[in-house]
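Scroll down for the structure; my scribbles are underneath it.
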Amino acid sequence: MKTLLRLCVLLITICTYAQSTYIHCGKLVDTQSGKVLNDKTIILSGKTISSVQDGFVVPKDPDINVIDLKSKTVMPGLIDMHVHIESETNPKKYLEAYTLNDADVAFNSLHYAKVSLMSGFTTVRDLGGSGVNVSLRKAINEGKVIGPRIFTAEKALATTGGHADPTNGSKKSIVGNPGPKEGVINSVEDAKKAVRQRYKNGADLIKITATGGVLSVAKNGQNPQFTLEEIKAICETAKDYGFHVAAHAHGDEGMQRAILGGVKTIEHGTLMSSETMELMKKNDVYLVPTISAGKFVSEKAKIKGYYPEVIVPKALDIGPKIQGMFSRAYKAGVGIAFGTDAAVFYHGDNGKEFFYMVEAGMPAIETLQSATITNAMILKMEDKLGQIKSGFIADIIAVNNDPTKDIKTMENVVFVMKEGKVYKQ
């Protein structure tokens with residue numbers, strides 16, 4: 001009898017501990033239905049959501065923690081599908097490739113990761129760095145440092161001289177001949193090897209630079225830089241390893257090759273034609289617009305010396321066009337995945353993207369859905385992320401106002417919880 005009594009007490013204690021937090025929500029964004037609900041209580045069980053109940057439920061046990069967000073609008077943690085967590089824009093950035101050690105990059109990335117989380121982005125897709133991003137992901141997962149959940153491409157893939165060739169702009173004596181190990185390919189066989197190297201290095205997905213880019217030290221910002229056969233080889237090999245493929249692309253021909261080759265997302269998409277929009281819809285490919293980055297580079301390009309001279313005309317040409325393209329793509333019915341290209345602008349300003357999307361014609365609730373349920377689906381985490389629902393991970397944020405009526409409130413996230421732990425309140 002005593003043993004049974006002890007067991008009952010233990011079970012009661014465990015259950016009480018598991019349901020340790022009640023969150024009273026004045027408004028709650030239901031991302032699945034697209035509605036904003038009033039007066040709800042979220043009940044947490046450890047790192048997950050146990051249930052969502054009507055009204056402000058008061059726990060019977062006075063020791064259970066209650067978080068009062070009755071004056072706030074609560075929603076799932078946000079997902080940014082395009083960041084570069086290792087770096088951030090500054091006038092000396094192009095010198096930093098030669099002056100910063102991996103340890104410097106790592107210490108800098110700790111700050112960028114923390115700022116991202118505090119801005120409400122509990123999950124990010126990191127689209128290319130040096131490999132420090134893999135170690136940062138591990139450190140965050142192990143609870144050693146603070147930051148968002150990271151899905152990383154490790155090092156982006158390029159062709160020789162292409163947008164992600166790490167030796168662009170270097171003097172001849174150090175330019176060398178980077179290959180698949182360094183993420184540079186020039187054949188189908190190189191393509192397969194480069195993907196397998198990313199797997200070996202710990203990547204979660206693959207990122208390719210299907211066209212030239214604005215911020216690479218190279219003249220053309222839009223020409224196609226992979227053959228269709230190379231892209232197919234990348235995507236087919238990536239599939240073998242459980243990866244999806246993201247494609248940086250500004251020029252239309254490069255986008256079409258990427259889509260036909262099997263990529264899942266097009267990043268930027270600046271010069272996208274109506275034909276390409278239809279191709280994206282047909283092949284279930286999503287646009288990650290990064291309007292914030294376009295606006296930032298077009299403004300900074302007007303400041304003499306901020307970027308190397310070869311970049312300035314590209315930034316002035318490409319940057320201002322992204323928002324207009326996004327508007328046309330959305331109206332054409334292209335799937336939209338929220339992503340900003342944070343690092344091209346300052347980490348922590350990711351929330352501005354919501355306003356730019358609404359300004360271009362996308363309803364506010366749909367922008368929130370793009371940053372939650374859509375992105376969770378692309379990451380194959382749709383049963384764990386993107387909703388406040390029983391069984392989902394307790395990634396929860398709050399803002400002061402209802403974003404469906406005041407979208408700029410997304411620029412000031414006042415409460416952040418990741419996996420049941422409060423990081424900002």
Side-chain angles (χ1 to χ4, degrees), residues 21 23 29 31 42 44 46-49 67 69 72-89 105-127 129 132-153 204 290 292-293 337-354 367-368 370-373 375-376 379 381 384-388 392-400 403 409-425:
T21 304
I23 304 176
V29 178
T31 51
I42 306 169
L44 306 185
K47 296 181 179 181
T48 62
I49 297 166
I67 297 174
L69 296 177
K72 310 300 179 185
T73 299
V74 180
M75 67 191 78
L78 305 170
I79 305 170
D80 191 329
M81 291 292 270
H82 193 135
V83 307
H84 298 278
I85 204 74
E86 292 182 6
S87 65
E88 186 173 81
T89 181
V105 174
F107 279 115
N108 289 341
S109 73
L110 299 179
H111 171 68
Y112 306 140
K114 184 175 181 180
V115 168
S116 299
L117 179 62
M118 297 306 173
S119 300
F121 291 85
T122 54
T123 304
V124 298
R125 190 177 65 158
D126 177 84
L127 290 190
V132 165
N133 41 27
V134 174
S135 297
L136 177 64
R137 177 195 64 196
K138 181 180 178 182
I140 291 171
N141 289 346
E142 292 177 351
K144 295 175 181 177
V145 299
I146 294 172
R149 184 179 299 102
I150 295 175
F151 292 83
T152 183
D204 301 300
T290 69
S292 300
F338 182 98
T340 66
D341 211 357
V344 168
F345 60 92
Y346 306 119
H347 291 284
D349 285 349
N350 314 52
K352 291 181 178 180
E353 187 82 9
F354 290 104
T367 70
L368 300 179
S370 75
T372 51
I373 56 174
N375 287 352
L379 294 172
M381 293 288 288
K384 295 294 180 185
L385 300 176
Q387 296 184 57
I388 295 179
F392 278 61
I393 296 171
D395 285 6
I396 299 168
I397 68 166
V399 292
N400 284 320
T409 195
M410 297 303 297
E411 297 173 28
N412 180 29
V413 172
V414 296
F415 175 85
V416 177
M417 170 183 281
K418 179 189 165 199
E419 296 183 357
K421 181 177 179 178
V422 176
Y423 288 90
K424 183 178 184 178
Q425 185 173 6

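For reference, positions follow the sequence shown, starting with 1. Values reported hereafter were calculated over all heavy atoms of this structure, with side chains retained and with hydrogens, waters and symmetry mates removed.
- The closest side-chain heavy-atom distance from Ile388 to Ile49 is below 4.5 Å.
- Side-chain contact between Leu368 and Met410 is present, with heavy atoms from C-beta onward closer than 4.5 Å.
- Not counting sequence neighbours, the partners of Lys144 by the salt bridge (Lys or Arg N to Asp or Glu O under 4.0 Å) test are Glu142.
- Contact annotation: the side chain of Thr73 never approaches that of Thr409 to less than 4.5 Å [non-hydrogen atoms, C-beta and beyond].
- Applying the side-chain contact (heavy atoms from CB on, under 4.5 Å) test between Glu353 and each of Asp80, Asp341, Thr340, Leu78 identifies Thr340 as the sole match.
- Residue pairs meeting the side chain to side chain donor-acceptor pair (under 3.5 Å) criterion with at least one partner in residues 105-119, sequence neighbours excluded, do not occur; the list is empty.
- Annotation: side chain of Thr89 is not in contact with side chain of Val344 (no heavy-atom distance under 4.5 Å).
- Looking only at side-chain heavy atoms (C-beta outward), Ile79 and Phe338 stay at 4.5 Å or farther from each other.
- Counting heavy atoms from C-beta outward, Arg125 and Val83 have side chains that stay 4.5 Å or more apart.
- Within 6.0 Å of atom NZ in Lys424, more than 12 heavy atoms from other residues, nucleotides or ligands are found, so the atom counts as buried in its surroundings.
- Within the 4.5 Å cutoff, the side chain of Met417 has heavy atoms near those of the Ile67 side chain.
- The salt bridge (Lys or Arg N to Asp or Glu O under 4.0 Å) search around Asp126 returns none, not counting sequence neighbours.
- For the side-chain contact (heavy atoms from CB on, under 4.5 Å) criterion with Pro76, the lone passing option out of Asp395, Ile373, Thr122, Thr372 is Thr372.
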